[in-house]
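The next block holds one structure in the form of structure tokens; read it before the comments.
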Amino acid sequence: DQQVKQNSPSLSVQEGRISILNCDYTNSMFDYFLWYKKYPAEGPTFLISISSIKDKNEDGRFTVFLNKSAKHLSLHIVPSQPGDSAVYFCALQYNQGGKLIFGQGTELSVKP
Amino acid sequence: EPEVTQTPSHQVTQMGQEVILRCVPISNHLYFYWYRQILGQKVEFLVSFYNNEISEKSEIFDDRFSVERPDGSNFTLKIRSTKLEDSAMYFCASGPPRVEDEQFFGPGTRLTVL
């Protein structure tokens, strides 16, 4: 199942700099796009989401961008902090309340 | 802050046995889900449950799997005749009445089938 792809398994960033995590998808029928963060031995924790009618949503240090024509989603974290080190998953939905289809995840490491 | 809880945190079973994984969703939530993550792989959807019935299930959710909400607070996943390939981390999630909100995940149960 390659509907949702995160092509970078890992990313290392210096504290204070920008982290950019990317996610590509194949099906234009997806309507809702979410980012989850996961620490070891914990469940995924919701970060931020965007619907297909928008191209940007911002919440504090986190901004999600959606490019529907390119079928591309990105998460920007500015400034990055060591506590942001975790695995980040994009998760897509066809409809609100429906199943989440996850990417493979990108492990972010923020160095002090 | 309300949270989804899951028990046990780790379950070890012999192949062919039955296991029940338990979840307590957030109290006012109406939508319930099970996902699993095999080591090194993606988080995969198993089943969604709303209004006391399954609303959607994946190919993984074959007739060995069942879900139940027996008492209005617990949400269980039963796996009969377990196989080695059922070994995974199983996550329960719940969603609030306002469906545009996100799904809240529990900490997971690690199932090991020997």
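Below, all heavy atoms of this structure are taken into account, side chains as well, without hydrogens, waters or symmetry copies. All chains are named by letter (A, B, ...) in the order of the sequence lines, taking the proteins before the strands, and each is independently numbered beginning at 1.
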Interface residue of largest heavy-atom contact number with chain B, from A:Gly98, A:Ala41, A:Ser51, under 4.5 Å: A:Gly98
B:Met89 side, atom CE; A:Glu42 side, atom CD - distance, nearest 0.5 Å: 10.5 Å
Interatomic distance, A:Gln3 atom CD to B:Lys42 atom NZ [nearest 0.5 angstrom]: 8.0 Å
Check whether more than 12 heavy atoms from other residues, nucleotides or ligands sit under 6.0 Å from atom [atom1] of [X], and answer yes or no.
{"X": "B:Leu114", "atom1": "CG", "result": "yes"}
{"X": "B:Glu85", "atom1": "CD", "result": "yes"}
{"X": "A:Arg61", "atom1": "CZ", "result": "yes"}
{"X": "B:Lys57", "atom1": "NZ", "result": "no"}

Nearest non-hydrogen partners of B:Gln103 and A:Tyr36, listed with the distance: O-OH, 2.8 Å
Shortest non-hydrogen contact between B:Phe105 and A:Pro44, atoms and distance: CB-O, 3.3 Å
Any donor-acceptor pair under 3.5 Å from B:Tyr33 side chain to A:Gly97 backbone: yes
A:Leu100 backbone acceptor or donor facing B:Tyr35 side chain under 3.5 Å: yes
Contacting region of A:Ala91 [heavy-atom separation from chain B under 4.5 Å]: neither
Proximity breakdown for A:Tyr39 and chain B, heavy-atom pairs closer than 4.5 Å: neither
Atom group of B:Gln37 that falls short of 4.5 Å from chain A, counting heavy atoms: side chain
By side chain to side chain contact (heavy atoms under 4.5 Å, CB included) - contacts of A:Asn7 (at least two apart): A:Lys5, A:Asp24
A:Leu34 reachable from B:Ile26 in the ILVMFWY side-chain graph, under 4.5 Å edges: no
Shared hydrophobic cluster, A:Ile101 / A:Leu47 (ILVMFWY, side-chain heavy atoms < 4.5 Å): yes
